[in-house]
Amino acid sequence: MKRDDRPLRLVAFDAADLEPISAALQDAVAQLGDFEFSRRKKTFTVAFNRFRWEAGRRNRRVRCGLQVGQVTAARSQNIRQGARDAVVNLLSIVFEPGEDASGAVVMVFSGGGEVRLDVECLDVVMADLTAPWRAAGRPAHETSPEETGPQEGARER
């Protein structure tokens with residue numbers, strides 16, 4: 001395995017730890033059928049195809065797992081429930097602190113979709129699961145001069 005093809009494995013126990021995970025998963029895509037919330041295990045798991053930004057100019061994707069632990073509730077907004085084959089594009093993941101160590105992990109998707117996970121504490125693991133493969137293109141965001149916030153959509157070119 002080439003040095004730059006080594007799997008990426010990251011953990012987050014505070015908001016600063018979550019930033020590199022969010023960056024690594026920017027423009028990752030997933031089918032809604034690959035989202036799983038287990039109340040019994042208090043976990044929320046997603047399988048993504050993520051773009052390997054760390055590979056530099058090489059356009060590569062890899063299958064990646066994300067698991068959020070200590071989840072007490074999961075809610076979504078502007079996500080088509082029951083559309084298991086629908087594909088979503090992740091823009092960012094942030095932690096909104098609550099009282100003590102609790103808070104919410106918020107996954108923001110293009111098109112205004114959002115998944116909000118109430119957590120007892122921040123406990124996030126991201127791990128690449130497969131060898132990289134050639135991507136069809138590099139994700140790019142359409143921007144205009146008046147945009148100042150997160151980008152609404154992404155496309156590969």
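Throughout, residue positions are numbered sequentially from 1 according to the sequence presented.
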Exercise for the section: Please check if Met126 and Val62 belong to a single hydrophobic cluster, counting links between Ile, Leu, Val, Met, Phe, Trp and Tyr side chain heavy atoms closer than 4.5 Å. Expected result: no
Fill in the blank from the handout: The complete set of side-chain hydrogen bond (donor to acceptor under 3.5 Å, both in side chains) pairs with one or both residues in residues 94-104, sequence neighbours excluded, reads Glu96-Arg116
Practice task
Examine the side chains of Glu36 and Thr45 and answer whether a donor and an acceptor come within less than 3.5 Å of each other.
Solution key: no
Practice task
Applying side-chain contact (heavy atoms from CB on, under 4.5 Å), run through Met107 and Phe44 and close with a yes or a no.
Solution key: CA-CA 12 Å; Met107 291 186 268; Phe44 188 90; 3.4 Å; yes
Completion exercise
Sorted by chain and residue number, the side chain to side chain donor-acceptor pair (under 3.5 Å) partners of Glu120 (sequence neighbours excluded) come out as Lys42
Practice task
Taking the side chain as every heavy atom from C-beta outward, state whether Thr43 and Val71 have any pair of such atoms under 4.5 Å apart.
Solution key: no
Practice task
Could you grab the distance from atom NZ of Lys41 to atom CD of Gln67, nearest 0.5 Å is fine?
Solution key: 8.0 Å
Practice task
Check for a donor-acceptor pair, side chain of Trp53 on one end and backbone N or O of Gln26 on the other, with a separation under 3.5 Å.
Solution key: yes
Problem - Any side-chain heavy-atom pair of Phe51 and Leu25 under 4.5 Å - result: no
Handout entry: Charged N-O contact under 4.0 Å between Arg50 and Asp128
Key = yes
Exercise for the section: Report yes if some heavy atom in the side chain of Leu18 is under 4.5 Å from a heavy atom in the side chain of Ile93; otherwise report no. Expected result: yes
Exercise for the section: Write down the atom of Val46, the atom of Ala30, and the distance for their closest heavy-atom approach. Expected result: CG1-CB, 4.0 Å
Problem - Check ion pair Asp27-Arg61 (N to O, under 4.0 angstrom) - result: no
Problem - Pairwise side-chain contact, Glu54 with Leu8, heavy-atom cut-off 4.5 Å (strictly under) - result: yes
Problem - Closest approach of Ser92 to Ser22 (non-hydrogen atoms, all atoms of both residues) - result: CA-OG, 3.5 Å
Completion exercise
Note: Gln31 and Asp85 closest approach over all heavy atoms is NE2-O, 3.5 Å
Handout entry: Where Ala101 and Phe95 come nearest, the two heavy atoms and their spacing
Key = O-CZ, 3.9 Å
Problem - Between CG on residue Leu10 and CG on residue Leu66, distance to nearest 0.5 Å - result: 10.5 Å
Practice task
Apply side-chain contact (heavy atoms from CB on, under 4.5 Å) to Arg134 and Asn59, showing your working.
Solution key: CA-CA 6 Å; Arg134 181 179 297 262; Asn59 292 344; 5.6 Å; no
Completion exercise
Smallest heavy-atom separation, Val11 atom then Ile21 atom, equals C-CD1, 3.9 Å
Problem - N/O donor-acceptor pair under 3.5 Å between Ser76 side chain and Ile79 backbone - result: no
Exercise for the section: Could you check if a side-chain atom of Leu122 sits within less than 4.5 angstrom of a side-chain atom of Val105, using non-hydrogen atoms only? Expected result: yes
Practice task
Establish whether Leu90 and Val125 are linked, either directly or via other cluster members, by ILVMFWY side-chain heavy-atom contacts under 4.5 Å.
Solution key: no
Handout entry: Test item: Val115 and Arg75 side chains (from C-beta on) under 4.5 Å apart, heavy atoms
Key = no
Problem - From CZ (Phe109) to CG (Leu91), nearest 0.5 Å - result: 8.5 Å
Practice task
Enter the distance from Phe48:CZ to Asn89:CG here, rounded to the nearest 0.5 Å.
Solution key: 9.5 Å
Practice task
Measure from the side-chain N and O atoms of Thr72 to the backbone N and O of Asp118, and report whether any donor-acceptor pair falls under 3.5 Å.
Solution key: yes
Practice task
State whether a side-chain donor-acceptor pair under 3.5 Å links Asn49 with Arg63.
Solution key: yes
Exercise for the section: Over all heavy atoms of both residues, which pair between Ala104 and Val119 is shortest? Give the atoms and the distance, please. Expected result: N-CG2, 4.4 Å
Problem - Heavy-atom neighbours of Arg84 CZ exceed 12 at 6.0 Å - result: no
